[in-house]
Amino acid sequence: MKRGYFQMTAVLLTAMFLFSSCASIVSKSTYPLSINTSPSNAQVSITDQKGTEVFKGSTPATVNLKAGAAFFVKSEYQVKLSSPGYEEKIIPVTFGIDGWYFGNIFLGGIIGMLIVDPATGAMWKMETSAINETLAPTLSSQNAELKLIDINEIPENLRASLVRVN
């Protein structure tokens with residue numbers, strides 16, 4: 001009776017060690033990205049490393065992004081922010097190795113390290129969880145004007161840097 005119990009326990013512990021994965025258990029394979037802009041209601045377009053648009057909307061927004069692009073390949077995204085009268089801004093979103101991935105050495109086993117975590121993307125972690133950007137007004141929206149002044153109104157120290165235009 002005790003021998004059967006010992007064997008069953010040994011089989012269960014071995015199975016847990018071989019078929020589990022640390023990062024998949026502790027971490028996640030998708031992460032929320034919060035996007036806020038000033039001015040609000042700016043247009044947002046998110047593309048992945050292949051150039052495929054994965055999200056289109058306006059700020060404020062929260063988007064869930066996959067951590068893994070393929071087996072052993074981390075995701076990379078480009079967030080494009082635009083609003084009429086403001087300069088367009090592109091912000092990269094990157095992922096790095098998740099520290100829990102190395103927990104497979106002690107807890108998850110070889111299957112977790114070489115198959116489960118790389119396949120699910122749980123071996124990667126988002127490096128930035130929020131984007132808070134202030135968009136700069138375009139030059140044309142800053143009421144540019146042409147003003148003619150007499151050369152005698154220019155201070156003496158600035159006259160030396162003037163360039164004659166014919």
Side-chain angles (χ1 to χ4, degrees), residues 8-147:
M8 181 64 86
T9 304
V11 167
L12 286 173
L13 287 174
T14 303
M16 283 176 38
F17 181 73
L18 290 176
F19 299 111
S20 65
S21 58
C22 194
S24 293
I25 294 168
V26 178
S27 296
K28 36 191 170 168
S29 57
T30 60
Y31 289 87
L33 175 66
S34 174
I35 306 167
N36 292 300
T37 60
S38 178
S40 62
N41 208 27
Q43 295 301 305
V44 179
S45 175
I46 302 176
T47 55
D48 62 13
Q49 61 267 32
K50 296 177 185 174
T52 305
E53 187 173 61
V54 295
F55 177 79
K56 187 173 184 122
S58 59
T59 60
T62 300
V63 182
N64 287 320
L65 298 174
K66 287 183 181 181
F71 195 69
F72 275 109
V73 178
K74 64 184 175 180
S75 292
E76 293 178 8
Y77 297 95
Q78 297 287 324
V79 178
K80 181 169 78 169
L81 305 170
S82 60
S83 186
Y86 294 88
E87 291 184 17
E88 182 178 280
K89 200 165 214 181
I90 297 176
I91 299 136
V93 176
T94 57
F95 290 79
I97 195 87
D98 190 339
W100 284 109
Y101 173 67
F102 297 106
N104 284 309
I105 295 169
F106 304 108
L107 300 173
I110 197 79
I111 301 292
M113 187 167 241
L114 298 179
I115 297 174
V116 178
D117 288 348
T120 63
M123 71 181 290
W124 308 111
K125 184 174 184 173
M126 185 182 285
E127 294 177 348
T128 301
S129 62
I131 294 175
N132 295 304
E133 289 292 326
T134 300
L135 301 178
T138 58
L139 185 58
S140 62
S141 67
Q142 294 178 350
N143 298 331
E145 64 180 75
L146 177 63
K147 185 176 179 182

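Everything numeric in this text was worked out from a predicted model, so none of it was measured.
- In this structure, the separation between CD1 on I90 and OG1 on T47 is 8.0 Å, given to the nearest 0.5 Å.
- With K80 contributing its side chain and S45 its backbone, the two residues share no donor-acceptor pair below 3.5 Å.
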Verdict with supporting geometry, V44 and T37, side-chain contact (heavy atoms from CB on, under 4.5 Å):
CA-CA 10 Å; V44 179; T37 60; 5.8 Å; no

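- Residues A122 and S29 approach most closely at N-CB, 4.2 Å, considering heavy atoms.
- Distance check, rounded to the nearest 0.5 Å: CG of L65 to OG1 of T30 gives 8.5 Å.
- Contact detail for P32 and M126: the closest heavy-atom pair is O-SD, 4.0 Å.
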Please assess I97 against W124 for the test side-chain contact (heavy atoms from CB on, under 4.5 Å), listing each intermediate value before the final yes or no.
CA-CA 5 Å; I97 195 87; W124 308 111; 4.0 Å; yes

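- Minimum interatomic distance between T128 and L33 (heavy atoms only, all atoms of both residues): O-CD1, 3.7 Å.
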side-chain contact (heavy atoms from CB on, under 4.5 Å) between Y77 and K66: does it pass, once the steps are laid out?
CA-CA 10 Å; Y77 297 95; K66 287 183 181 181; 3.7 Å; yes

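- The line from CZ of F95 to CD of E127 is 9.0 Å long, rounded to the nearest 0.5 Å.
- D48 has its side chain out of reach of S75: every pair of non-hydrogen atoms, C-beta onward, lies at least 4.5 Å apart.
- Y31 and D98 get closest at one heavy-atom pair: OH-OD2, 3.8 Å.
- Distance check, rounded to the nearest 0.5 Å: NZ of K89 to OG1 of T134 gives 7.0 Å.
- Only one option out of T62, I46, N132, V93 pairs with I35 in a side chain to side chain contact (heavy atoms under 4.5 Å, CB included); it is I46.
- Here the CD1-OG distance, from I131 to S34, works out to 9.0 Å after rounding to the nearest 0.5 Å.
- Nearest heavy atoms, Q43 versus S58: NE2-CB, 4.0 Å.
- The minimum heavy-atom distance between E87 and T138, with the atom names listed, is N-CG2, 3.5 Å.
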